[in-house]
Amino acid sequence: MRPRHGVADGHCLDLPEVTFCRRGIATPSHQSQHGGMHTFRALLFNPMHIALLLTWLAVALALSDNVGHNATLAWALMGAFLVAALLTRPEPEAPKWPAAALLAIQIACGLGLVVIDPRSGTMPVLLVVVAAQLGVGWPLRTCLVVLLLVDLALYLVMRDATHHSRALFTVMIYGGFQGFALLVGHYARTAEKARDALSLVNADLLATRALLADSARDNERLRVARELHDVAGHKLTALKLNLRALAVDPALQARDDVRVAQQLSTELLDDIRGVVQAIRDTRGLDLDTALRALASPLPKLQLDLRIDHDVQVTDPAQAETVLRLVQEALTNAARHAGASRVSVTIARAVNGIDLAIEDDGVLRGPLREGNGLSGMRERVAAARGRFDLGRTAGGGLSIHASLPA
């Protein structure tokens with residue numbers, strides 16, 4: 001593919017509201033050097049982890065004065081709660097069973113601390129942290145059932161050590177705090193999902209706009225080429241014929257100005273034909289910019305894009321098919337395969353183009369075609385192409401599509 005707007009390899013591709021660079025993407029060696037530091041900063045500056053650490057410290061200060069001879073057990077429960085909370089990934093995309101096990105450990109540690117010191121008003125605060133994590137990663141109905149069971153257990157523990165009315169009052173207060181934390185986490189995650197969806201839609205619009213702009217530019221070039229050929233070329237041909245008729249006139253054939261005019265008309269007609277041919281010599285739509293626009297809202301997914309220099313896609317419908325195939329592959333890799341890298345190669349074939357897509361994720365279970373993969377197969381079939389699915393050596397998804405010209 002040719003670079004657009006004077007962009008060469010190693011430079012940046014600019015679109016309104018977004019910029020893409022062909023180089024400067026972190027390589028595996030760079031990622032290995034900086035991955036640990038990046039993970040540490042992500043853990044340290046995560047807003048939920050900051051709130052968790054502050055809450056844990058507040059409970060620890062109250063714990064030191066009240067636990068008495070159970071101090072060793074209490075501190076062990078505090079440490080287990082902190083480790084489990086820091087390891088928990090509450091995102092909906094995270095594996096459910098590890099997250100559920102870590103949340104169960106936190107609940108058990110929180111209730112255990114209440115058993116050790118039931119008269120303290122600070123131990124149940126840890127269960128509010130659990131409620132916030134539930135709201136981020138789990139359905140609202142599931143969260144409500146879990147919190148009702150936790151509060152029932154909390155009431156039973158406190159009722160045995162304190163008066164019934166005080167236990168009920170304490171549970172109601174912390175139940176309100178838990179509900180508030182649950183709703184804050186739930187709506188924060190909902191807003192984040194809406195933002196991600198909006199980013200994907202915006203990237204889709206940018207990619208489509210890039211192709212439309214290219215298509216409109218090429219159509220305008222063809223229109224100008226036709227106008228030059230049909231209008232200017234026609235009149236110059238007529239002018240050349242008239243000059244030739246004048247040149248054979250005995251009264252004018254000896255004049256130099258007639259001969260020069262005839263020569264200039266011939267050269268001008270050849271120049272216009274050359275310009276028309278150059279304008280018609282299009283190199284196709286700019287797939288590079290459009291495909292990189294699709295990957296921009298997925299910061300955790302690196303796109304390795306290779307387009308052979310002799311690939312020319314001039315049909316907007318074919319370019320749209322390539323765009324949608326890569327878009328669906330990126331979505332599958334990010335949401336279902338846990339991939340961090342997607343490789344896209346577009347090469348010229350004898351009767352069209354070949355598209356190969358591979359990711360470094362791990363597919364679990366047999367390869368099944370869901371709505372996304374079925375839609376990809378239908379698009380390729382509509383374009384009278386061939387579509388094949390498979391697995392990479394590392395267990396990721398491999399897609400190959402051949403699209404005829």
Side-chain angles (χ1 to χ4, degrees), residues 1 15 20 196-216 218-219 282-298 301-308 310-337 339 341-361 363 365-392 396-405:
M1 294 297 294
L15 280 176
F20 314 98
D196 292 344
L198 184 61
S199 297
L200 291 174
V201 171
N202 184 55
D204 187 12
L205 291 175
L206 286 173
T208 304
R209 186 174 69 178
L211 290 183
L212 288 176
D214 261 4
S215 179
D218 288 344
N219 289 335
T282 176
R283 295 190 178 181
L285 303 175
D286 187 9
L287 288 177
D288 190 288
T289 299
L291 294 178
R292 292 185 188 277
L294 288 178
S296 63
L298 303 171
L301 197 64
Q302 180 177 331
L303 174 64
D304 289 340
L305 179 61
R306 293 183 293 275
I307 303 177
D308 289 353
D310 56 349
V311 171
Q312 296 182 7
V313 178
T314 58
D315 181 13
Q318 188 179 63
E320 178 75 8
T321 300
V322 173
L323 203 68
R324 298 308 165 211
L325 292 178
V326 176
Q327 183 180 38
E328 185 61 35
L330 291 172
T331 302
N332 283 339
R335 291 183 178 177
H336 306 303
R341 182 187 299 267
V342 174
S343 174
V344 177
T345 302
I346 302 176
R348 185 178 180 182
V350 177
N351 295 319
I353 61 172
D354 283 340
L355 173 64
I357 307 173
E358 294 183 354
D359 63 58
D360 64 350
L363 294 174
L367 182 58
R368 299 175 181 174
E369 290 191 20
N371 293 330
L373 293 177
S374 297
M376 296 169 74
R377 185 180 294 278
E378 291 166 0
R379 284 184 179 274
V380 175
R384 302 186 304 278
R386 191 182 76 251
F387 183 79
D388 297 312
L389 288 175
R391 291 178 182 266
T392 65
L397 181 63
S398 174
I399 298 172
H400 182 265
S402 296
L403 300 174

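All heavy atoms count here, side chains included; hydrogens, waters and symmetry mates do not. In this text, all values refer to a predicted model and were calculated from it rather than measured experimentally.
Considering Ile399, Thr321, Ile357 in turn, Ile357 is the only one that fulfils the side-chain contact (heavy atoms from CB on, under 4.5 Å) rule with Val326. Under the side-chain contact (heavy atoms from CB on, under 4.5 Å) test applied with Ile346, the options Asp308, Asp354, Asp288, Leu291 reduce to a single match, Leu291.
A pairwise comparison of heavy atoms in Arg292 and Leu303 identifies CA-CD2, 4.2 Å as the closest pair. Nearest heavy-atom pair, Phe387 versus Arg377, reported as atom, atom and distance to 0.1 Å: O-NH1, 3.4 Å. Residues Pro404 and Gly385 come closest through the heavy atom pair CD-CA, 3.8 Å. Across every non-hydrogen atom of Asp359 and Gly396, the tightest pair is OD1-CA, 3.4 Å. Heavy-atom minimum distance, Arg341 versus Asp304: NH1-OD2, 2.8 Å. A pairwise comparison of heavy atoms in Gly390 and Leu397 identifies O-CD1, 3.6 Å as the closest pair.
Under 4.0 Å is where a charged nitrogen must lie from a carboxylate oxygen, and between Glu320 and Arg324 at least one such pair does.
We find the CG-CG distance between Leu325 and Leu373 to be 10.5 Å, quoted to the nearest 0.5 Å. Interatomic distance, Ser402 OG to Arg384 CZ, rounded to the nearest 0.5 Å: 14.0 Å.
Scored by the side-chain hydrogen bond (donor to acceptor under 3.5 Å, both in side chains) test, Thr345 finds Arg306 as partners (sequence neighbours excluded). Partners of Gln318 under the side-chain contact (heavy atoms from CB on, under 4.5 Å) rule, at least two apart in sequence or in another chain, are Val313, Asp315, Ile353, Leu403. Listed by chain and residue number, nothing satisfies the salt bridge (Lys or Arg N to Asp or Glu O under 4.0 Å) test with Arg379 (two or more places apart in sequence, or in another chain).
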